[in-house]
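One structure is given here, and the rest of the page talks about it.
None of the values given here were measured: they were computed from a predicted structure.
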Amino acid sequence: MDIPTFTPPLEVAPATFQFGAWVPLPMLGWLPVNSYLVQGTQPVLVDTGMAHFREDLVRALAERMDPKDLRWIWITHMDADHVGNLAALLALCPRAQVVTNPLGVAKMDL
């Protein structure tokens with residue numbers, strides 16, 4: 001049986017890391033679930049992944065920076081594989097502000 005897998009962080013560009021995961025979809029294959037950390041003067045995390053990978057994501061983030069220094073969390077859209085760890089990360093990253101599109105803002109307000 002195939003199980004969800006968090007992969008080792010991968011530097012995809014200078015100071016930019018992919019936190020990747022794979023989730024099996026029966027009869028369809030695998031769903032990639034990725035978050036990205038862009039380090040800089042105002043570090044940003046793009047998407048927060050699925051709740052299933054919370055410990056892995058938090059550990060990968062903390063290995064690359066102090067979570068208290070994260071400034072932005074950019075949510076590309078409101079699917080569960082993109083916002084599954086948002087509440088946990090906001091608690092861990094007190095300076096982080098959420099950025100998303102107008103539809104995302106409307107969905108978060110529901």
Side-chain angles (χ1 to χ4, degrees):
M1 180 169 108
D2 295 330
I3 58 172
T5 305
F6 193 85
T7 60
L10 175 67
E11 189 169 13
V12 295
T16 303
F17 295 89
Q18 176 189 44
F19 302 144
W22 294 91
V23 178
L25 296 177
M27 301 177 62
L28 294 174
W30 291 85
L31 173 68
V33 179
N34 299 314
S35 298
Y36 296 88
L37 172 63
V38 182
Q39 295 174 316
T41 56
Q42 293 193 21
V44 59
L45 182 69
V46 180
D47 291 329
T48 68
M50 296 177 67
H52 179 83
F53 299 110
R54 180 167 297 137
E55 290 179 18
D56 297 308
L57 180 66
V58 167
R59 181 174 38 255
L61 176 65
E63 288 173 355
R64 276 144 195 84
M65 65 175 294
D66 184 341
K68 293 177 182 161
D69 293 332
L70 186 68
R71 185 67 181 92
W72 304 99
I73 299 174
W74 174 20
I75 302 297
T76 58
H77 61 281
M78 292 296 139
D79 288 352
D81 59 327
H82 294 258
V83 298
N85 294 307
L86 181 57
L89 285 170
L90 286 173
L92 183 67
C93 308
R95 293 186 60 222
Q97 293 186 25
V98 177
V99 179
T100 191
N101 56 56
L103 181 57
V105 171
K107 286 183 175 183
M108 285 195 309
D109 194 38
L110 292 177

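In this structure, CG in N101 is found 10.0 Å from CD1 in I75, a value given to the nearest 0.5 Å.
Scored by the salt bridge (Lys or Arg N to Asp or Glu O under 4.0 Å) test, R59 finds D56 as partners (sequence neighbours excluded). With sequence neighbours left out, the side chain to side chain contact (heavy atoms under 4.5 Å, CB included) criterion links E55 to no other residue. The side chain to side chain contact (heavy atoms under 4.5 Å, CB included) check on A51 picks up R54, N85, with sequence neighbours excluded. Under the rule for a side chain to side chain donor-acceptor pair (under 3.5 Å), W30 has no partner lying at least two apart in sequence or in another chain. Scored by the side chain to side chain contact (heavy atoms under 4.5 Å, CB included) test, H82 finds D47, T76, H77, D79 as partners (sequence neighbours excluded).
A donor-acceptor contact shorter than 3.5 Å is absent between the side chain of T7 and the backbone of T5. Panel note: side chain E63, backbone P9; no donor-acceptor pair is recorded below 3.5 Å.
Transitive grouping of hydrophobic side chains (ILVMFWY, heavy atoms separated by less than 4.5 Å) keeps V46 and M65 in distinct clusters. In terms of hydrophobic clustering, with Ile, Leu, Val, Met, Phe, Trp and Tyr side chains grouped at heavy-atom distances under 4.5 Å, V98 and L89 are assigned to a common cluster. Cluster membership for W72 and L57, using ILVMFWY side-chain heavy atoms within less than 4.5 angstrom, is not shared.
Heavy atoms only, all atoms of each residue included: Q42 and R71 are closest at OE1-CG, 3.7 Å. The two residues L45 and S35 have their closest heavy-atom pair at CD1-CB, 4.4 Å. Considering every non-hydrogen atom in both C93 and L61, the closest pair reads SG-CD2, 4.2 Å. Residue Q39 comes nearest to R64 through the heavy atom pair NE2-O, 2.8 Å, listed as atom of the first residue, atom of the second, then distance.
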Sequence neighbours left out, cut at 3.5 Å: what donor-acceptor pairs do the side chains of residues 11-25 make with other protein atoms?
residue: E11; atom: OE2; partner: A15; partner atom: N; Å: 3.0
residue: T16; atom: OG1; partner: P14; partner atom: O; Å: 3.2
residue: Q18; atom: NE2; partner: N34; partner atom: OD1; Å: 3.3
residue: Q18; atom: NE2; partner: Y36; partner atom: OH; Å: 3.3

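Apart from L103 itself, the hydrophobic cluster it occupies contains nothing, where clustering links Ile, Leu, Val, Met, Phe, Trp and Tyr at side-chain heavy-atom distances under 4.5 Å.
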